[in-house]
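In what follows, a structure is listed as structure tokens, so that the remarks can point back to it.
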Amino acid sequence: MNILAIISRDLEKGSTKYRIVQYLDFLRSKGINVEFVKRKSIDASVIKRSAQVDLVFNQKCLFRYSLAGKLIAASRRTLFDFDDAIYTRPGKPDSLVTRIRVRRRLHLWLRRSDIVTTSNHFLARYARQYSDSVEIIPMALDLETWKPLKKSFDDNITIGWTGAPVNIPLIESLDPVLTFLLEKFPFLKLAVFSGQKPKLNCPFEYHPFRPGYEPAFVQNLDIGLLPLIDEEHSRGKSPIKAIQYLACGVPVAGNVTGATAEILNDKNSIAVSTEEEWLHALEKLVNNRELAKFMGRAGRKHVEENHNLKSVAKRLLSVLTGN
């Protein structure tokens with residue numbers, strides 16, 4: 001079986017990596033070959049190629065309506081995958097004209113694709129307004145790599161955050177809370193793993209992003225931070241960092257909104273919404289190490305049951321092959 005995958009940038013982009021690239025070895029072992037084409041490279045030759053492969057896999061790429069229509073029409077079978085609320089955007093809304101154009105392009109793919117895959121029930125509900133063939137393929141991790149680190153619990157506690165540069169404002173929004181806690185608890189330290197160094201008034205360890213080093217960073221945390229903004233775009237996310245924390249047995253304090261509630265619950269995390277609740281949640285996890293360890297174990301179990309790469313890969317295979 002041959003698949004043509006349409007992606008927006010390189011193979012290391014988060015969505016591309018976790019929605020298709022991490023499954024390549026498994027798919028090859030099943031006789032499935034995946035070739036990639038970037039959205040900006042789509043032309044008549046790509047449309048011709050789409051007629052030759054068994055499946056066109058579009059990883060949430062929206063482009064000119066007429067070009068998309070030709071590609072879909074030429075394809076034997078199409079799959080549209082999206083793991084974000086791409087019908088909206090974070091922060092200030094686009095202009096009305098842009099919103100109409102984006103949704104028109106999205107709805108074309110939802111209506112005309114043979115199958116639509118999403119990462120959670122929140123997005124699936126949206127997709128089912130336009131498609132009768134929607135499958136949920138949850139975000140997943142290789143649990144041989146993302147696993148708890150055997151360590152002794154001592155008086156030193158590390159709280160941490162990992163995220164892309166575009167999300168730096170989220171960790172910066174916690175500056176007052178983190179500053180207060182680090183002053184109150186001398187044994188507490190903060191660590192950040194990102195491609196950009198945040199601007200914080202409190203002391204912290206900055207770990208510049210390096211491919212392949214993220215699991216080791218998360219494994220050394222005692223508490224994971226998940227600040228989110230409660231808006232439509234965030235509600236559609238299945239935050240991979242939340243799954244990474246839990247997979248490594250790290251309890252989470254964070255904003256639980258929309259699809260995040262499909263990952264975080266009161267057994268593996270503490271939900272917060274205000275600055276006061278952030279303070280209370282983090283102090284509770286710092287002061288009660290048994291609770292933190294219990295939540296970490298519950299988080300690992302949740303990921304094993306719902307976000308294990310091995311089991312999710314089988315679900316993806318079934319969807320791709322139609323069996």
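Here the structure is a predicted model, which is why all the values come from computation and not from measurement.
We find that Arg235 and Glu231 are not joined by a salt bridge, their nearest charged nitrogen and carboxylate oxygen being 4.0 Å or further apart. With salt bridges taken as basic N to acidic carboxylate O contacts below 4.0 Å, none links Lys13 and Asp10. For the pair Glu172 and Lys199, the salt-bridge criterion is not met [side-chain N within less than 4.0 Å of a carboxylate O]. Here Glu283 pairs with Lys184 in a salt bridge; the nearest charged N to carboxylate O distance falls below 4.0 Å.
Ile159 has its side chain out of reach of Asp222: every pair of non-hydrogen atoms, C-beta onward, lies at least 4.5 Å apart. Between Phe26 and Leu309 there is no side-chain heavy-atom pair separated by less than 4.5 Å. Counting only heavy atoms from C-beta outward, the side chains of Pro148 and Gln219 never approach each other to under 4.5 Å.
Contacts classified as salt bridge (Lys or Arg N to Asp or Glu O under 4.0 Å) and involving residues 64-79 (residues at least two apart or in different chains) are given here: Asp54-Arg76.
Remark: the backbone N or O of Asp175 is paired with a side-chain donor or acceptor of Thr179 at under 3.5 angstrom. No side-chain donor-acceptor contact under 3.5 Å links Asn167 to the backbone of Gly163. Judged by distance alone, the side chain of Asn265 and the main-chain N or O of Asn268 form a donor-acceptor pair under 3.5 Å.
Note that the CD1 atom of Ile137 and the CZ atom of Arg19 stand 7.0 Å from one another [nearest 0.5 Å].
Using a 30° and 60° split on the angle between ring planes, Tyr126 and Phe82 fall in the perpendicular class, above 60°.
For the side-chain hydrogen bond (donor to acceptor under 3.5 Å, both in side chains) with Lys60, the qualifying choice from Asp83, Thr16, Thr118 is Asp83, the only one to do so.
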Stepwise salt bridge (Lys or Arg N to Asp or Glu O under 4.0 Å) check, Glu232 with Arg89: CA-CA 8 Å; Glu232 187 68 12; Arg89 56 166 289 177; over 6 Å; no

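Legend: residues meeting side chain to side chain donor-acceptor pair (under 3.5 Å) with Gln52, ordered by chain and number and at least two apart, are Arg49.
By the 6.0 Å contact criterion, OH on Tyr213 is open, its count of non-hydrogen atoms from other residues, nucleotides or ligands being 12 or less.
Linking ILVMFWY side-chain heavy atoms closer than 4.5 Å, directly or via other members, places Leu200 and Phe209 in a single hydrophobic cluster.
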